[in-house]
Amino acid sequence: MKKLLTQRAKRLEPSPTFALDARVKQMQKEGIPVINLGIGEPDFETPAYIKKAGIQAIEEGYTHYTQTAGMLELRQALSNKFQVDNGLVYQPSQILVGSGSKPILYCAFQVLCEKGDEVIVPVPTWSSYVEQVKLTEATPVFIHLEPPFKLRADMIEQKISPKTKVILLNTPSNPTGAIIEKEELEKIAQLAIKNNIWVVTDEMYEKIIYGGKHISIASLGKQIYEQTITINGFSKTYAMTGWRLGYAGGPQEIITHMSHLQGQLTANASSISQRGGLAALTGPKKEIEKMMREFARRRELLIQELTQIPEFAVTPPEGSFFFFIGIKKLLGGKYSSSIAWCEALLQKKHVAVIPGEAFFAPGFFRLSFAAPFEKLEEGVKKIKEFIYE
Ligand code: PLP
């Protein structure tokens, strides 16, 4: 039967992070005490006031279809959020709410890209962008970044061709934690305007930031605003991965077409999750700030511990909850690749991390600190044992 599959289906790679997570969960089920520093989801519970809003939605019978683009009150709250946090004026009609930012990104690429187009993707990168671009039959064009993984406009300029349709930005980045500086965003905006290119910017980790300030490229001028789709979600900021809730703001025409596609795909995001999202945006910020402080504390621990390992090339993340660590010094002998190194770490020490190959960057691994402090301490101890034993 396999030969009946489309080329599209055959080309599609499964998510490497989810594949590893499934393996870890299976090992844990078998009684193996794996320390999971692989998956990128906050270990915190969704704050109680958000949970309560979801429960209340069910109890009140708020369990029907909503408008495809999302319930109006939520889009109004998001419109306010964009204005207050990002200096962006998106009317509720310019906002699409979907079942996570993943399907929202999918809709954006489907609406903007087709065969013959090129999408500029800075690497290391999250694999879903690449797979989603491939699904449109456009070609991803990589910019290979080296530590400290700072994207500059001149790197983009070198990759622009008459076929370039979209520049993809992800700031702060998964997996490197790097943010794109304001001056570079300004120059990137100029390039996009001059060459008539769309910008898709994924700002999922905007609130998980250590010191710097998050800037939305669409806020840098009227023209770039009209060429940008700003994507965000509730998963990381509010510890709501399982609720599946994401959103985009953008030019009316694009959002309308993305909404039409979503209407044929999933229709609206879960009505219950939308009520949770509304509570998240309008509720107290205390619990969120507490989570962010804890991420900062863990980051400090890891900077201290990981920089003591001379075999590691460590760039402290400016945002997100990931370290993307170079291990080229450890390869070539017993372990020929970061895949082999990570696999041995999992088998011998039961610590799960993700090899750089999953982000198109061999010679590195990603360590997530969306795990409890004690687990991080234990994980680092085991990593040191693995290297030095
Ligand atoms: N964008 C980035 C950069 C991510 O790291 C992730 C999740 O890992 C997502 C989007 C997807 O998030 P969501 O849960 O909203 O689909």
Side-chain angles (χ1 to χ4, degrees), residues 14-22 36-44 46 50 70 74 78 81 95-109 119 121-133 140 145 149 151 168-180 199-209 214 216-217 229-249 258 262 265-266 268-270 273-274 276-277 280-281 295 317-324 353-354 356 358-361 366-371:
S15 160
T17 36
F18 282 170
L20 180 82
D21 200 55
N36 191 358
L37 310 181
I39 194 76
E41 74 169 333
D43 51 309
F44 307 115
T46 304
I50 301 175
L74 178 56
L78 285 168
K81 178 254 172 257
I95 293 171
L96 174 65
V97 176
S99 306
S101 66
K102 250 187 201 187
I104 293 274
L105 279 158
Y106 176 83
C107 289
F109 288 127
V119 177
V121 182
V123 166
T125 189
W126 185 53
S127 72
S128 295
Y129 302 131
V130 178
E131 294 307 318
Q132 291 192 0
V133 168
L145 301 173
F149 310 111
L151 181 67
L168 172 83
L169 303 178
N170 174 214
T171 180
S173 150
N174 172 10
T176 69
I179 62 171
I180 307 171
V199 174
V200 173
T201 169
D202 176 344
E203 304 184 359
M204 281 294 282
Y205 296 93
E206 66 165 343
K207 300 277 190 200
I208 308 172
I209 203 158
H214 174 76
S216 291
I217 189 168
I229 295 91
T230 307
I231 295 186
N232 211 322
F234 291 81
S235 289
K236 319 286 170 167
T237 307
Y238 298 101
M240 287 177 72
T241 43
W243 296 66
R244 310 306 304 125
L245 201 62
Y247 55 94
M258 285 169 65
Q262 178 169 292
L265 206 62
T266 56
N268 59 272
S270 150
S273 300
Q274 290 189 56
L281 291 172
F295 281 137
E318 297 170 292
S320 82
F321 37 65
F322 305 115
F323 275 78
F324 202 60
V353 293
I354 315 258
F359 308 95
F360 306 92
R366 189 189 79 176
L367 184 153
S368 162
F369 53 98

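All ligand and atom numbering here is 1-based and tracks the order in the structure. Index from 1, following the sequence.
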Next on the checklist: As a quick check of understanding, evaluate side-chain hydrogen bond (donor to acceptor under 3.5 Å, both in side chains) for Ser235 and Glu41, giving each step before the final call.
Outcome noted: CA-CA 8 Å; Ser235 289; Glu41 74 169 333; over 6 Å; no

Next on the checklist: Test side-chain contact (heavy atoms from CB on, under 4.5 Å) on Leu168 and Trp126; report intermediate values, then the result.
Outcome noted: CA-CA 11 Å; Leu168 172 83; Trp126 185 53; over 6 Å; no

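Contact analysis leaves Tyr106 out of contact with ligand 1, as no non-hydrogen atom separation drops below 4.0 angstrom.
Nearest protein heavy-atom contact of atom 8 (O) of ligand 1 is Lys236 NZ, 2.7 Å. For atom 6 (C) of ligand 1, the closest non-hydrogen atom of the protein is Trp126 CZ2, 3.4 Å. Protein heavy atom at the shortest distance from atom 15 (O) of ligand 1 is Ser101 N, 2.7 Å.
Using a 4.0 Å cut-off between heavy atoms, Tyr205 contacts ligand 1 through its side chain alone, with no backbone atom that close. Using a 4.0 Å cut-off between heavy atoms, Phe322 makes no contact with ligand 1 at all. The side chain of Asn170, and not its backbone, has at least one atom closer than 4.0 Å to an atom of ligand 1 (non-hydrogen atoms only; side chain from C-beta on). If you look at Met204 next to ligand 1, the close heavy atoms, those under 4.0 Å, all belong to the side chain. By the criterion of a heavy-atom distance under 4.0 Å, the side chain of Ser235, and not its backbone, is placed next to ligand 1.
Proximity of Thr201 to Ile229: side-chain heavy atoms (C-beta onward) are nowhere separated by under 4.5 Å. Residues Lys236 and Phe321 meet the side-chain proximity criterion, which asks for heavy atoms closer than 4.5 Å.
In summary, the side chains of Ser270 and Trp243 do not present any donor paired with an acceptor at a separation below 3.5 Å, with no hydrogens or angles considered. Looking only at atom types and distance, the side chain of Asn170 has no donor-acceptor partner in the side chain of Tyr205 under 3.5 Å away. Checked by atom type, the side-chain pair Thr171/Glu203 shows no donor-acceptor distance below 3.5 Å.
Interface atoms of ligand 1 facing Asn174, defined by a heavy-atom separation under 4.0 Å, are 3 (C), 4 (C), 5 (O). Atoms of ligand 1 found under 4.0 Å from any heavy atom of Arg244, numbered from 1 in the order shown, are 13 (P), 14 (O), 16 (O). If you number the atoms of ligand 1 from 1 as listed, the ones under 4.0 Å from a heavy atom of Gly100 come out as 15 (O), 16 (O). Numbered from 1 in the order shown, with element, the atoms of ligand 1 that lie under 4.0 Å from a heavy atom of Asp202 read 1 (N), 2 (C), 3 (C), 10 (C).
Backbone and side-chain nitrogen or oxygen atoms of Thr241 are examined, and none is located within less than 3.5 angstrom of a nitrogen or oxygen of ligand 1.
Aromatic pair Phe44/Phe295: ring centres closer than 6.0 Å. Ring centroid separation for the pair Phe369 and Phe322 does not come in under the 6.0 Å cut-off.
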